[in-house]
There are 2 protein chains.
Amino acid sequence: MSKKGEMTELKHEHDYYYDMAEFFSIFADPTRLKILHALLDGEKCVKKICEIVGLNQSTCSHQLKILRQYKVVKAKREGKFIRYSLDDEHIKDLIEVGEEHINE
Amino acid sequence: MSKKGEMTELKHEHDYYYDMAEFFSIFADPTRLKILHALLDGEKCVKKICEIVGLNQSTCSHQLKILRQYKVVKAKREGKFIRYSLDDEHIKDLIEVGEEHINE
DNA sequence: TTCACATATGAGAAAATGATAATATGTACA
DNA sequence: TGTACATATTATCATTTTCTCATATGTGAA
């Protein structure tokens, strides 16, 4: 997955398969999957997410940014905290497809 | 996605999210998606696949090997030709999920 | 066996990706 | 205002990925 801006300029406009590959790329990283899994049961602040996935704040913040860019998660500020939650109803389903495949 | 053998040695055994990420990685590449799409309507030989995806024989062969390793496609020899076809019933569904997301 | 064709493999370059440290920004509260 | 805490950003590095060229292997037919 490349940065959204650059990609759009380098590839052919409306390149169907690039877009699809980009979509699947979101879920092709264990850290992002852990974050998404952590959000399955409700919104959480960044610090909490860091604890759950076991990686430092910088790493989580980067991955959260990617997930936000692709509208997979959304963020809302509450005082000092920024709480993240799933932004797309279909995400749960997709993660379940992956889980089913793994559990075979 | 890394080579199957290495991966298994480097990561923790039974690492759930690595396995899931690996699964989604298969579909996170436009060339592989093009190949899979080309196989949706039936088996094809490598040369034919190259023509459809518009990439050279070496590139296709490499990607077909990956798809084979992950049991997404299967190959059968018929004389000089090797015909590839989808090996997993669920693949069609997964590609459709991706397509739906793109078409929103 | 030799030739022509179909496919696979190995090595290397270029690009993308993910993790991290260091630093910046934003917010609440004293 | 200043300080402490929460989060984001920037720069950099190591690793992984994809593509391509050159070459190897496998197959059928002459």
Side-chain angles (χ1 to χ4, degrees), chain A residues 1-11 15 17-18 21-36 43-70 73-85, chain B residues 1-11 15 17-18 21-22 24-35 43-70 73-85:
Chain A
M1 184 167 43
S2 44
K3 284 170 210 158
K4 199 100 190 189
E6 296 172 18
M7 199 63 172
T8 319
E9 283 166 32
L10 291 176
K11 75 181 176 186
D15 195 319
Y17 296 103
Y18 272 93
E22 213 170 34
F23 170 69
F24 283 117
S25 296
I26 301 167
F27 308 96
D29 174 74
T31 299
R32 286 194 290 273
L33 289 175
K34 280 180 204 165
I35 291 174
L36 293 175
E43 63 177 25
K44 291 186 177 54
C45 71
V46 177
K47 209 184 170 194
K48 183 76 180 170
I49 293 170
C50 295
E51 287 170 23
I52 294 175
V53 309
L55 287 170
N56 70 36
Q57 184 267 320
S58 180
T59 303
C60 292
S61 218
H62 276 294
Q63 298 306 335
L64 283 166
K65 183 179 184 177
I66 291 173
L67 292 170
R68 238 187 308 141
Q69 280 178 337
Y70 288 98
V73 305
K74 63 188 170 196
K76 77 169 176 222
R77 181 176 279 279
E78 272 180 24
K80 277 206 288 193
F81 299 89
I82 297 183
R83 305 211 190 273
Y84 279 85
S85 55
Chain B
M1 185 168 39
S2 44
K3 284 170 208 157
K4 198 100 189 190
E6 296 172 20
M7 200 63 172
T8 319
E9 282 166 34
L10 291 177
K11 76 181 175 187
D15 196 320
Y17 297 103
Y18 272 93
E22 210 170 35
F24 283 117
S25 295
I26 301 166
F27 308 96
D29 175 74
T31 300
R32 287 194 290 273
L33 289 174
K34 280 180 204 165
I35 291 174
E43 61 175 27
K44 292 187 176 53
C45 72
V46 177
K47 208 184 171 192
K48 182 77 181 170
I49 294 171
C50 296
E51 287 170 24
I52 294 176
V53 309
L55 287 170
N56 71 35
Q57 184 266 319
S58 181
T59 302
C60 292
S61 219
H62 278 294
Q63 298 306 333
L64 282 167
K65 184 181 184 177
I66 292 172
L67 291 170
R68 239 186 308 138
Q69 281 177 337
Y70 288 98
V73 305
K74 63 188 170 194
K76 77 170 177 219
R77 182 175 278 280
E78 272 181 24
K80 276 205 289 191
F81 300 89
I82 296 185
R83 305 210 191 275
Y84 280 86
S85 55

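Chain naming here is simple, since letters A, B, ... match the order of the sequence lines and numbering starts at 1 in each.
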Rounded distance (nearest 0.5 Å) linking atom CG of L33(B) with atom CD of Q63(B): 10.5 Å

Short side-chain N/O contact to dT7(C) OP1/OP2 from K47(B), under 4.0 Å: no

Nucleotide nearest S61(A) (side chain, heavy atoms from C-beta), chosen from dT9(D), dA8(C), dC19(D): dT9(D)

No-hydrogen, no-angle side-chain donor-acceptor test under 3.5 Å, R32(A) and Y17(B): no

Q63(B) CD - dG10(C) C1' separation (whole Å): 15 Å

Rounded distance in Å - CZ (F81(B)) to P (dT7(C)): 6 Å

Interatomic distance where CD1 belongs to I82(A) and C1' belongs to dT9(D) [whole Å]: 13 Å

Over 12 non-hydrogen atoms of neighbours within 6.0 angstrom of NZ in K48(A): no

Point-to-point distance, once rounded to the nearest 0.5 Å, from CD1 of I26(A) to CD of Q69(A): 10.0 Å

Nearest-0.5 Å distance that lies between atom SG in C60(B) and atom CD in Q57(B): 8.0 Å

Below 4.0 Å: OP1/OP2 of dA6(D) and any side-chain N or O of Y84(A): no

Sidechain-backbone polar pair: S25(A) side chain, A21(A) backbone, donor-acceptor under 3.5 Å: yes

Nearest-nucleotide comparison on DNA chain C, the residue closer to the 5′ end among K48(B) and T31(A): K48(B)

Among dT9(D), dG18(C), dT7(D), the nucleotide that comes nearest once only the side chain of I66(A) is considered: dG18(C)

Interatomic distance, F24(A) CZ vs dT18(D) P [rounded to whole Å]: 15 Å

Sugar-phosphate, base or nothing in reach of R83(B), heavy atoms under 4.0 Å: nothing

Nearest-angstrom distance from the residue atom NZ of K65(A) to P of dA11(D): 12 Å

Nucleotides 20-30 of chain D: protein proximity per nucleotide (B base, S sugar-phosphate only, - neither; heavy atom, under 4.0 Å): BBB---SBS--

Residues that F24(B) engages under ring pair (Phe, Tyr, Trp, His ring centres under 6.0 Å), provided they are two or more places apart: F27(A)

